[in-house]
Structures are given as structure tokens and as C-alpha cells.
Amino acid sequence: MSQISLTFPDGNSRDYPAGVTAAEVAESIAPSLAKRAISANLDGRHIDLAWPITESGAIAINTMKDEAPALELIRHDFAHVMARAVQALWPDTKVTIGPVRDHGWFYDFDRAEPFTPEDLGAIEAEMKKIIAARDPVRTEVWDRARAIAHYTAANEPFKLELIDRIPDGQDLRMYWHGDWQDLCRGPHLQNTGQLPADAFKLTHLAGAYWLGDATRPMLQRIYGVAFRNRDDLKAHLTMLEEAAKRDHRKLGREMELFHFQEEAPGMVFWHPNGWTIYRELESYMRRRLIAAGYKEIKTPQVVDRVLWERSGHWEAYRENMFIVEVDEEGAKEKRVNALKPMNCPCHVQVYNHGLKSYRDLPLRLAEFGSCHRYESSGSMHGLMRVRGFVQDDAHIFCTEDQIEAECAKFLQLLSSVYADLGFDIFDIKLSTRPDVRVGADEIWDKAESALEKAILNVRNDFEVDPGEGAFYGPKLDFKLTDAIGREWQCGTFQVDFNLPDRLGAEYVGEDGAKHRPVMLHRAILGSFERFIGILIENYAGKLPLWLAPRQVVVASIVSDADDYVHQVVATLRAAGLRAEADTRNEKINYKVREHSVAKVPVILAIGMKEVENQSVSIRRLDSQGSQTLSLEEAKNTLATEATPPDLR
RNA sequence: GCCGGUUUAGCUCAGCAGGUAGAGCAGCUGAUUUGUAAUCAGAAGGUCACGGGUUCGAUUCCUGUAACCGGCACCA
């Protein structure tokens, strides 16, 4: 038998007979390592301990201490154990796929009866039995015919379809967890007893299309989470509770920011507090855009279908547009309009008015464009996905040569805006030309490299998503990371060679001839509604002072202080602060608690001491104590703090 | 749109093997003048999401619709 040479992480290497398993390699290093071993990495590939190694390479033995491989194995084996438990409880259930995902796994099943939330407990109990049995896990390589014969006999049509999709010549591997078997690429643990029976939980049930395809049957998906130990699971569940507390829908109700109701699903009813945040954010964006050389415009809400036909939207998105039909006087047919689902065609109309010269470019037209899209009922989610929303939209009309500079300027503006709003971390994704596209390859080359160069001016890490660009041009997408690590795609920068052509945009060049401008679609916040939702969740409702809808409550301790309370409120208001008086006949404890729960950032408590000294006792949200300042001092401090970041 | 779930007072939630409902908080009224996260008392508050059916009788059972929640699909 031939020899192979395996190199260890410390740089040493040793020879083994070909076909040696990682378990044997671990044993040869130290029996204690063999006991703790769970899997191995061979040239970066994650393999089973029992897998025969036939070629030389670099090997590392994994134990439960190696977080990434340990979690992958645990979650993957849990998926199998859960599927086994489900088939044990309901033998008529068909199995499909069960990948590792996020903090756990899911497995999709096909069964006539729906699973109920109560079933989850029964499944968990069955899983614990399987773990306690410590059944060995073993694997075999099967040829296609044998696998097909097996799953035909077992009446598992989804598995048969999976086999069909695996390329010819690829090994099919079969895993057994005890007497339950599943087609799987592995790797897996050595026995089910290695699973932490106290560190998993089945979390929820959901429907999911087979292979993610809406035309295929809907399966029943069961989600679970699993960790290496009970403490990690508990920490995860606590984190979920914390995230639920930040839910902008809950905070929106508690802080009286907005509401939704049946008669206008997906449309926001902004209340005074919420609208204050909105206006503050809008004013901020307006100042930033004007300072960055944009001109603000406003275009119609209701636009005849012919414009959407010309732009191409009617054909592609008719189903998602709100249609307004009008009986015009004397007309035989109703006139068909659409509520605008986006602003770009209207912006081209503004551009097209009057002859443009190359000297006018780049022309940056911005609009807080109110748009309506008929989103499917199941996709709406609080402020995050709505049917009526406002974009911080702008279109830059420029020459091809100006793309790079405009992109660089935009990146600068975007990162500065995100930093001002509390988001210092964001990721960039570059989506390049798709198979189906318009425009010559040379122009795509130019646009893609311009975008890439522009990013590299700002930072050196970005993700490339080949083929995911829009049909009209490549694009950049920006994902920011919030306080609890979630990512939100907000900004976008898209190069468009198509729409200027379809809508006949032109400029007169230096050469006196007419040329097509390039159009850059760009947004930083995306939609105000969604971005405010993100802000609320990021700050858990405790917005920075300049964005807080209610900035200061001046609360009396005794009613003899009421006159001075009103004087303090008037002083603060004159300094531009959103201040209100609370002179109700309640204890200061009660007032402090109520305004703290309402997330008012500053409470000024006023008793007779303050009246006498013309001072205030200032109490910040979440701080224990209070501090006494003169009224003048408090006014100046708060006014400075409440200044929007771009005006400081 | 699809699968599953939910819908009871302003909010959070009980309840009903079918006999038209209950709590806490909020709100209202009164007392209390209070020093940094809930003062006490009283009265009041509901077409049990909406429509149809079964029944002597439906908030409860069946059925349809809508909205919402968790996912899936979609997201110009």
C-alpha cells in the first residue's frame, strides 16, 4: 500500500498508509486527542473522522473547542436527528433537505397534515431520546443506481429529485444515524451522543417552497437553534428577547410614533412624535444633498401609463403598481394612470426640459420622492416594507468620463451620512453585468472599472456579486450594521445606460453633436420609512437628542414651581429645543418613570430649590443621578447637543 | 401570493365542554404638594376583527373575508 504524507498545523509532518482515517491520525498523535476529536480539516476541507484519506496534504484535527467546525457538525447532526425524530413520530413524512443556517438549522418536510407548535415539544423529546441512545454515525459511498433504488423503494420522491440534480460522476454519500439514513454530503459526528442535549431548541414552523421555487410544492419547515453548551443557547435566547424589545413596531406604539390600520395596509399614519423624527431626518438629508451639489425637485404622484410604457416599467412591473383610472369628460375610455412606483422617469422629464450642454453636467437632481408599490400581502413588515414610502432619491446625469468621480463623491457623502446617523460600519457589494443586459461590452467594462476604482479610493474591501447587476448597468449596494450586529441594505448606486436612451435624454457635447448622458441612480437612506425603522431598532428607541421627538420634559416637584417650569420651557423652546412641561399633580418618581419609559432623553426636575436659584436639576435617560445647572447653562448645553451633526 | 398561527377594553393578556365577558396598566373623578423609574381611593370602559351557517341560544363550533405575526416567494 502506498504512503502519504500529512502535515500538521505546527508544520511537522508524518507518513501514513493511504486510506488512513483522521481518527487514526488523531490516535497516532495522542489517544487523548483521539477521544476529543470530532472531525478534521484536510487542505481546508471539513471531513469526517472516519473518512479515508488517500492523498498527502495538510491536516488539522478538530475538537469541540474549534468553534466553527464544532457548530457546523452539531447543527448538521441535529438536522439529521430532528428528521429522524419526525419520521419516527409520523412515518408518512417525506424528507427533503436540512442545511445548517444562522444559529442552527432547518429541515423541510412534506406531510399532508400540518405540524402544530405543540408538535415541536414532542419532536424535541424524541430527539433527546435519540441523543441518549448514542447511536453510531456511519457512512458509505453509494452509486447512483443503488441510491435511486433505495429511495424509490422508500417512496422518497424529493430525495430522488435531489439525486437527479447531483452531477454525474459525483459520489453519493449515505449517512446512518443509528438505523435512520439520509443522503448527505457530510461531514458528521461519530455518534449522536456527542450532541449537547441541553443546548438546542426547536424555534418555529414555517412554510417553504421546495427548492425555493414558488411554482413547486410548499413544504413544512422546522427551524432549530443549537450551540456547544447550554450557556451559549441561553445567551442566544436572551439576545432574541433583547431584539424583540427593540422591535420598531412595538416601540412605535409605545412612543406614539405611527400606526397602521386595515383600511390602508402598508401605509404609515405618522403621529406627531414619529413625524418629528421624519422631518428632522428629511431636513438633515436636504442640507447634505444641497451642500453636495444636488438640486431638489418635485415630480407628480399620478402619471399616465404611457410614460411607464416608454420607460419599460409597465411591462415589467404592472402587477405591482397602483392604478388610478379616471373618467375624463367626453372621453370614450377611462384614462389609466399609475401612482409612481419610482422617480427616475419623471426626473428624466425634468432633465429633458430645455437643451442641456456638456457644461451642465454632471446635473444632480434630487427628490424626496413619494412612491407607491403594491407589495404582496405577505411581504409587508412594519416600516421595513411598506406600500407607500419616500425615497431619498436622486439621479445624476453625467458623461461616461464622470462616472468615477461622481461615484467617489457619492461614497464620501454616504459614509459621512451613515457616520452622522450612528452607523460606522457598512459593507459594499459590487454587482456586475448580468447575462441579459443592454449596452456594449466596452461601456460595461468602463462602468464596472469606474465603480471598482471609486470604491478602492475609500476602502479596499468589498464583495463582488458577479452577474447580479441590473440589466441597465452595474451597481453598488451598501449594507450597514446596527448596534446588535444585524445588516440592513440601504444605499445604492446604479449606473444606467438604458433609461436615458429609452426616454431620449441628450446633451450637446463640446463637438456640437448630441450625446446620451449616463444616468446614475442613487439613494443613501433608501426609504425614510424603513430607515426610521432601522434607527429606532438600532437605538432601541433612545434616539440621539437631535432626532428625539420629545427632547426635554420639564417636570415640577411641587405646584408652587409651576410658573418657573413654564418659564424654563419657554426659554428652551426659544433656543430651538422640543421642550414640554409636566405640571401634573404627581410625584416626581412617577413623572421620571413615565418619561423614562417613553424614552425622553432629558428630564429637568424643578422644585423650590431650583426656583430660588434659577437653576434646573437635569436627569439623563438611563443615568442614575442628576446634576444641577443654571438655566442658562442647561439651555446652552442642550442646544449644542441637539444641533444636527452637520451643523455642529 | 403561498404555508402555519393570531385577532377579547387604549395597551398587555385571562376566560368560555355553547347560556352575550375579567385582570393589571393607561384614561376619567376625587384626595394627596410630593426631590429623581409606579401615592391612595372611586366610578366607568367591550357589536369578543367582519360576514354567513349550525343551534332555543354563538365571543366559544363550522365556513368565508380582512388585517396582523413567523417564515417562503417577491423587492424596479
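In the displayed structure, A:K298 atom NZ is contacted under 6.0 Å by more than 12 heavy atoms of other residues, nucleotides or ligands. The environment of CD in A:E309 is crowded: more than 12 heavy-atom neighbours from other residues, nucleotides or ligands sit within 6.0 Å.
For A:Y209 and B:G1, a side-chain-to-base donor-acceptor distance below 3.5 Å is present, hydrogens and geometry of angles not being considered. At a cut-off of 3.5 angstrom, counting only N and O atoms as typed in the model, there is a donor on one side and an acceptor on the other between the side-chain of A:S376 and the base of B:A73. A donor-acceptor contact under 3.5 angstrom links the side-chain atoms of A:R385 to the base of B:C75.
B:C72: Watson-Crick or G-U partner is B:G1, with both key distances under 3.5 Å. Across all strands shown, B:C40 is found opposite B:G30 as a Watson-Crick or G-U wobble partner, with both distances under 3.5 Å. Across all strands shown, B:U6 forms a Watson-Crick or G-U wobble pair with B:A67, both key distances being under 3.5 Å. Base pairing annotation: B:G45 forms no Watson-Crick or G-U wobble pair, as no partner gives both donor-acceptor distances under 3.5 Å. In this structure, B:U54 forms no base pair with any nucleotide, since neither Watson-Crick nor G-U wobble geometry is met with both distances under 3.5 Å. Here B:C11 sits opposite B:G24 as a Watson-Crick or G-U wobble pair (both hydrogen-bonding atom distances under 3.5 Å). Summarising the base pairing, B:G35 is matched to no nucleotide, lacking a Watson-Crick or G-U wobble pair whose two defining distances lie under 3.5 Å.
Ring centers of A:F115 and A:W90: under 6.0 Å apart, within the cut-off. Aromatic rings from A:H248 and A:Y539 are positioned such that their centres are separated by 6.0 Å or more.
As rounded to the nearest Å, B:G53 and B:C11 have P atoms that lie 30 Å from one another. Taking the P atoms as reference points, B:C2 lies 32 Å from B:A58, given to the whole Å. Distance noted for atom P between B:A23 and B:G15: 15 Å (whole Å). Rounded to whole Å, the C1' atom of B:G27 lies 11 Å from the corresponding atom of B:A9. Nucleotides B:G5 and B:G57 are separated by 30 Å at their C1' atoms, to the nearest Å. Between the C1' atoms of B:G30 and B:C13, the separation comes to 29 Å (whole Å). Comparing the C1' positions of B:U60 and B:A41 gives an interatomic distance of 36 Å, to the nearest angstrom. Straight-line distance between the C1' atoms of B:U6 and B:U12: roughly 15 Å, to the nearest whole Å.
Side-chain contact check for A:Y564 and A:Q614: no donor-acceptor pair (N or O, by modelled atom type) lies under 3.5 Å. One side chain, A:T492 or A:D477, offers a donor N or O that lies under 3.5 Å from an acceptor on the other. Donor-acceptor pairing under 3.5 Å is lacking for the side chains of A:D108 and A:Q220.
Taking the six-membered ring where tryptophan is involved, the planes of A:F109 and A:Y107 are essentially parallel, since the angle between them stays under 30° and well short of 60°. In this structure, A:F426 and A:Y418 have perpendicular ring planes: the angle between them is above 60°, well past the 30° mark.
In this entry the distance linking CZ of A:R216 with C1' of B:A73 reads 14 Å, nearest Å. Here the P atom of nucleotide B:C2 and the CG atom of A:D108 are 19 Å apart, to the nearest Å. Rounded to whole Å, the distance from NE2 on A:H595 to P on B:A26 is 13 Å. Atom-to-atom, CZ of A:R249 to C1' of B:A67 comes out at 14 Å; the value is rounded to the nearest Å. A:R584 places its CZ atom 11 Å from the P atom of B:U39, with the value rounded to the nearest Å. Nucleotide B:G35 holds its P atom 7 Å from the NZ atom of A:K587, rounded to whole Å.
Comparing A:M380 and A:E610 by the nucleotide of RNA chain B that holds the closest heavy atom to each, the one mapping nearer the 5' end is A:E610. Nearest-nucleotide positions on RNA chain B place A:Q220 closer to the 5' end than the other of A:Q220 and A:S596.
Heavy atoms of A:A605 sit under 4.0 angstrom from at least one base atom. Across all strands, A:H381 comes closer than 4.0 Å only to sugar-phosphate atoms, never to a base (heavy-atom distances). Within 4.0 Å (heavy atoms only), A:A206 reaches at least one base atom of the nucleic acid. Across all strands shown, A:R619 has heavy atoms under 4.0 Å from base atoms, whether or not it also approaches the sugar-phosphate. Across all strands shown, A:D247 has no heavy atoms under 4.0 Å from either base or sugar-phosphate atoms. A:G312 comes within 4.0 angstrom of nothing in the nucleic acid, heavy atoms only. When heavy atoms are screened at a 4.0 angstrom cut-off, A:F471 is found touching no nucleic acid atom at all. Residue contacts shown for A:R101 are limited to sugar-phosphate atoms, with no base heavy atom under 4.0 Å away. Among the atoms of the strands shown, none is found under 4.0 Å from any heavy atom of A:K591. In this structure, A:I557 reaches the bases: a heavy-atom distance under 4.0 Å links it to at least one base atom across the strands shown. If you check every strand for non-hydrogen atoms under 4.0 Å, A:F260 touches nothing. A:Y317 comes within 4.0 angstrom of a base, heavy atoms only. Residue contacts shown for A:P114 are limited to sugar-phosphate atoms, with no base heavy atom under 4.0 Å away. Residue A:E254 is out of contact with every strand shown, counting any heavy-atom pair closer than 4.0 Å.
Looking at the side chain of A:N320, the nearest of the listed nucleotides B:A37, B:A76, B:C72 is B:A76. Taking the side chain of A:S559 as heavy atoms from C-beta on, and the options B:U33, B:A38, B:G1, the nearest nucleotide is B:U33. Side-chain atoms of A:R253 lie closest to B:U12 of the nucleotides B:U12, B:U39, B:C72. Relative to the side chain of A:M218, the nucleotides B:C72, B:A37, B:C68 differ in distance, and B:C72 lies closest. Considering only side-chain atoms of A:Y590, the nucleotide from B:C72, B:A37, B:G27 that sits closest is B:G27. Considering only side-chain atoms of A:Q494, the nucleotide from B:C72, B:U33, B:A76 that sits closest is B:A76. Checked against B:A37, B:G1, B:A67, the side chain of A:V592 finds its nearest nucleotide in B:A37.
Between B:G5 and A:H204, no contact under 4.0 Å exists linking OP1 or OP2 to a side-chain N or O.
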side-chain hydrogen bond (donor to acceptor under 3.5 Å, both in side chains) between A:W488 and A:E537: does it pass, once the steps are laid out?
-> CA-CA 11 Å; A:W488 302 95; A:E537 301 207 354; 5.9 Å; no
